[in-house]
Amino acid sequence: MLAFSFNHSHHLRSHLLFTASITTNSTQFHRFLANGSPLNLYTIPTILASCGAQRNLSLGLQLHALAIHTGLDSNSFILSSLITMYSKCSHFSAAYHILNSTNPNDSISWNALIVSSSRSGLHSDALHLFVKMHHRALPLDEFTFPSALNSAAHLSLVLTGQTIHSLLLRSGFQRHAHIGNALVDMYAKSGELHSARNVFDEMPHRDVVAWTSLLTSSARHVSHSASLDLFLEMLSSSVNLDAFVIAAVLSSSAELTVLELGRQLHATSVKRGFHSFLSLGNALLTMYAKTGCIDDAELIFDLIPYPDAITWTALIIGLAQNGRGHDSVHVYDKMIRTGSKPDYITFIGLLFACSHAGLVEPGRSYFESMEPVHGIEPGPEHYACMIDLLARSGKIEEAVRLMNRMRFEPDATVWKALLSGCRVHLNSGFALQVAERAAEILFKIAPNDAVPYVLLSNIYSKIRRWGDVAKIRALMKARGVSKEPGCSWMEVGGVVHVFHVEDHVHPRTAEIYAKVDEMMGRIRETGYVAETGNVLQDVGEEGEMGLAYHSEKLAVAFGLVVLPRGALIRVFKNLRVCGDCHTALKLVTKVYGRKVVLRDANVFHHMENGVCSCGDYW
DNA sequence: CTAGGGTTAG
């Protein structure tokens with residue numbers, strides 16, 4: 001098969017690629033050798049490159065041996081290929097050994113090691129090599145700088161990044177596209193968005209990569225809406241979209257629950273043929289799950305041919321948030337059956353699912369399997385889920401025992417889980433005692449977090465200890481702790497309508513309030529009585545009027561006013577829905593024959609005909 | 001033979 005002659009280097013290259021692709025399979029490699037096919041300056045580097053790409057270290061080692069045997073191992077072309085192969089296979093000691101024993105004075109070998117170190121997360125090694133190159137006066141080029149900048153960014157070494165920047169200004173490379181992009185990304189990842197923007201504005205060509213760096217860092221360091229503003233700016237500057245940037249924007253759309261934009265991005269991806277890009281599929285799945293369209297999320301999942309851990313995890317979490325914790329567990333079992341490896345976050349989702357579906361026994365056994373079976377040490381989030389699961393199902397002693405078993409100090413997340421879990425079963429005095437103790441600790445370690453005050457105050461009001469309720473409220477006031485104001489919003493025709501408790505700013509306020517009154521009147525006829533137990537759920541956001549005009553009720557009433565008859569009403573709230581609104585809105589779905597999807601800070605409530613997907617357990 | 005951006009978080 002090798003008895004062809006090649007006239008063009010292009011043919012030679014495709015032949016070499018073909019050779020490499022068949023020979024990285026060991027058996028075929030041996031057949032290749034048995035055929036008397038040549039191992040030379042052209043074939044060895046090409047096969048080595050494939051070994052690196054496929055992380056086939058054993059074949060790489062054989063080739064190294066053959067190179068030594070044929071005396072080709074002193075050739076600089078071969079040496080740099082070997083260093084690349086070892087680096088990509090994470091066999092760094094071998095790569096360093098070759099580098100140190102042959103002392104190549106070309107940049108390629110050094111670059112290969114810097115790039116691989118940076119990609120493998122060995123950032124300080126990458127920077128060390130960079131400094132060494134600089135000291136030896138080796139040429140630093142358009143391959144060296146991006147990786148060094150990348151490692152500086154990952155270590156949050158802004159000063160180092162700035163030093164590299166100043167070296168760059170003298171190198172003549174600063175106008176190079178990859179280098180400009182790496183600089184923008186370094187400043188952006190370090191949270192120095194103004195510096196990032198300055199570099200960006202001075203670039204000769206601002207391509208989609210630079211925009212993506214700005215977008216994702218804005219989402220992380222500023223806000224998701226700042227990120228979407230940048231996206232609009234990008235669209236108006238006619239830059240070509242690609243799958244990376246769409247995945248990033250989808251993630252902000254998901255957080256902001258702007259379903260219309262998400263759908264448009266989905267359509268664009270299909271038109272542009274990006275649908276086979278895994279990260280984009282993962283982002284789409286998450287976007288649909290987070291906007292309450294769990295059926296669409298499942299459709300996306302079914303179209304992904306090779307799901308990775310992120311895909312499985314996104315589906316597990318999405319199902320759990322949408323009240324389908326049993327399905328999360330089935331998906332997890334399928335994930336294991338099909339050979340995917342769960343990670344730290346998978347278990348957060350799985351245990352969250354168990355806790356919301358009340359699956360005590362499966363939850364316990366999944367938790368116990370984490371370390372022995374999957375080699376993942378449970379972290380505070382996992383303990384928090386388990387404590388929540390146990391406390392909510394009334395096993396408060398067991399929750400406390402589990403907490404005492406932790407190898408590290410429980411953090412605020414864990415104490416909050418215990419406190420909120422206790423509010424479900426207050427009939428035993430023990431639950432109250434544990435809740436008070438947890439709150440006391442939280443008031444010390446997180447004195448400015450409003451959530452523990454509100455949780456404890458709700459517990460007191462549930463057992464009608466009004467004096468204690470007043471004490472907590474006074475304590476909050478004295479400490480200047482205020483809760484994030486509650487608000488609900490709804491998207492209609494691409495416009496987001498926001499409601500706060502008892503606010504009168506919406507242009508259709510009169511109709512909305514009339515509709516709330518009508519709603520409350522009609523559900524009262526079916527026997528609804530306001531629950532006063534959660535009067536203080538929204539401490540700080542509401543007046544003395546109490547429960548009637550909470551933001552979620554206003555939003556649902558608005559939906560009844562403006563949406564066509566029978567249309568699903570999709571509402572989002574930034575805080576947890578209060579118990580009274582939950583009861584009232586369930587009845588509204590029954591009386592009006594409408595479906596309501598209400599997403600609160602924790603989960604989705606798919607309400608229909610008086611029943612909620614959360615099983616009144618959220 | 002070496003290069004920049006992305007997706008999951010009770």
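The figures that follow rest on heavy atoms only: side chains count, while hydrogens, waters and symmetry mates do not.
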For atom CG of A/Leu113 and atom P of B/dC1, their distance in whole Å:
17 Å

Among A/Asp411, A/Asp449, A/Asp388, find the residue that satisfies the salt bridge (Lys or Arg N to Asp or Glu O under 4.0 Å) test when tested with A/Lys416.
A/Asp449

How is A/Asp242 classified with respect to the nucleic acid when contacts are heavy atoms under 4.0 Å: base, sugar-phosphate, or nothing?
base

With respect to A/Trp312, which candidate in A/Phe301, A/Phe347, A/Tyr306, A/Tyr332 satisfies the ring pair (Phe, Tyr, Trp, His ring centres under 6.0 Å) definition?
A/Phe301

A/Ala112 side-chain proximity, nearest of B/dT7, B/dT8, B/dT2
B/dT2

So what does A/Ile317 hit on the nucleic acid, given a heavy-atom distance under 4.0 Å: a base, only sugar-phosphate, or nothing?
sugar-phosphate

Look at A/Lys290 and B/dT8 and indicate whether a side-chain polar atom (N or O) is within less than 4.0 Å of OP1 or OP2.
no

Taking OP1 and OP2 of B/dT8, is either one under 4.0 Å from a side-chain nitrogen or oxygen of A/Lys341?
no

What integer distance in Å separates A/Leu149:CG from B/dT2:C1'?
16 Å

Mind calculating the distance between CD (A/Gln174) and P (B/dA3) to the nearest angstrom?
22 Å

If you only use heavy atoms from C-beta on, which nucleotide in B/dT8, B/dT2, B/dA9 is closest to the side chain of A/Ile348?
B/dA9

Determine the contact category for A/Val208: base if any of its heavy atoms lies under 4.0 Å from a base atom, sugar-phosphate if only primed atoms, P, OP1 or OP2 are that close, otherwise nothing.
base

With the side chain defined as heavy atoms from C-beta on, A/Phe77 is closest, among B/dT7, B/dC1, B/dA3, to B/dC1

Can A/Phe143 be classed as stacking with the base of B/dA3, given a centroid separation cut-off of 5.5 Å and a plane angle cut-off of 30°?
no

So which nucleotide from B/dC1, B/dA9, B/dG5 ends up closest to the side chain of A/Asp185?
B/dG5

Taking only side-chain nitrogens and oxygens of A/Asn75, does any of them come within less than 4.0 Å of OP1 or OP2 of B/dC1?
no

Rounded to whole Å, the CG-C1' distance (A/Asp388 to B/dA9) equals 15 Å

Taking NE2 from A/His64 and P from B/dC1, how many angstroms apart are they, rounded to a whole number?
18 Å

Does A/Asn602 reach a base, just sugar-phosphate, or nothing at all? Heavy atoms under 4.0 Å.
nothing

Rounded to whole Å, how long is the line connecting atom CD1 of A/Ile304 with atom P of B/dT8?
13 Å

Does a salt bridge link A/Glu233 with A/Arg206, judged by any charged N lying under 4.0 Å from a carboxylate O?
no

Determine the contact category for A/Ser80: base if any of its heavy atoms lies under 4.0 Å from a base atom, sugar-phosphate if only primed atoms, P, OP1 or OP2 are that close, otherwise nothing.
base

Please determine, for the side chain of A/Asn282, which listed nucleotide (B/dT7, B/dA3, B/dT8) has the closest atom?
B/dT7

Look at all strands and tell whether A/Arg392 reaches a base, only sugar-phosphate, or nothing, counting heavy atoms closer than 4.0 Å.
nothing

Nearest-Å distance for atom pair CZ/C1', residues A/Phe301 and B/dT8:
13 Å

Heavy atoms under 4.0 Å, any strand shown: does A/Phe145 hit a base, just sugar-phosphate, or nothing?
nothing

Is there a side-chain polar atom (N or O) of A/Thr311 under 4.0 Å from OP1 or OP2 of B/dT8?
no

Residue A/Thr216, side-chain heavy atoms: nucleotide from B/dT7, B/dT2, B/dA9 that is nearest:
B/dT7

Using a 4.0 Å heavy-atom cut-off, does A/His356 contact any base of the nucleic acid, only the sugar-phosphate backbone, or nothing at all?
nothing

Looking only at B/dT7, B/dC1, B/dG5, the nucleotide nearest the A/Ser81 side chain is B/dC1

It should be established whether A/Arg119 places a side-chain nitrogen or oxygen under 4.0 Å from OP1 or OP2 of nucleotide B/dA3.
yes

Parallel, tilted or perpendicular: which fits the ring planes of A/His134 and A/Phe130, with parallel below 30° and perpendicular above 60°?
parallel

Identify every side-chain donor-acceptor pair in residues 244-258 of chain A under 3.5 Å, counting partners at least two apart or on other chains, and give the distances.
{"residue": "A/Ser252", "atom": "OG", "partner": "A/His224", "partner atom": "ND1", "Å": "3.0"}
{"residue": "A/Ser253", "atom": "OG", "partner": "A/Val249", "partner atom": "O", "Å": "2.8"}
{"residue": "A/Thr257", "atom": "OG1", "partner": "A/Trp489", "partner atom": "NE1", "Å": "2.9"}

side-chain hydrogen bond (donor to acceptor under 3.5 Å, both in side chains) with A/His356: which residues, sequence neighbours excluded?
A/Arg392

Report the distance from atom CG of A/Leu48 to atom P of B/dC1, rounded to the nearest whole Å.
10 Å

Is the number of heavy atoms from other residues, nucleotides or ligands within 6.0 Å of CZ (A/Arg175) greater than 12?
no

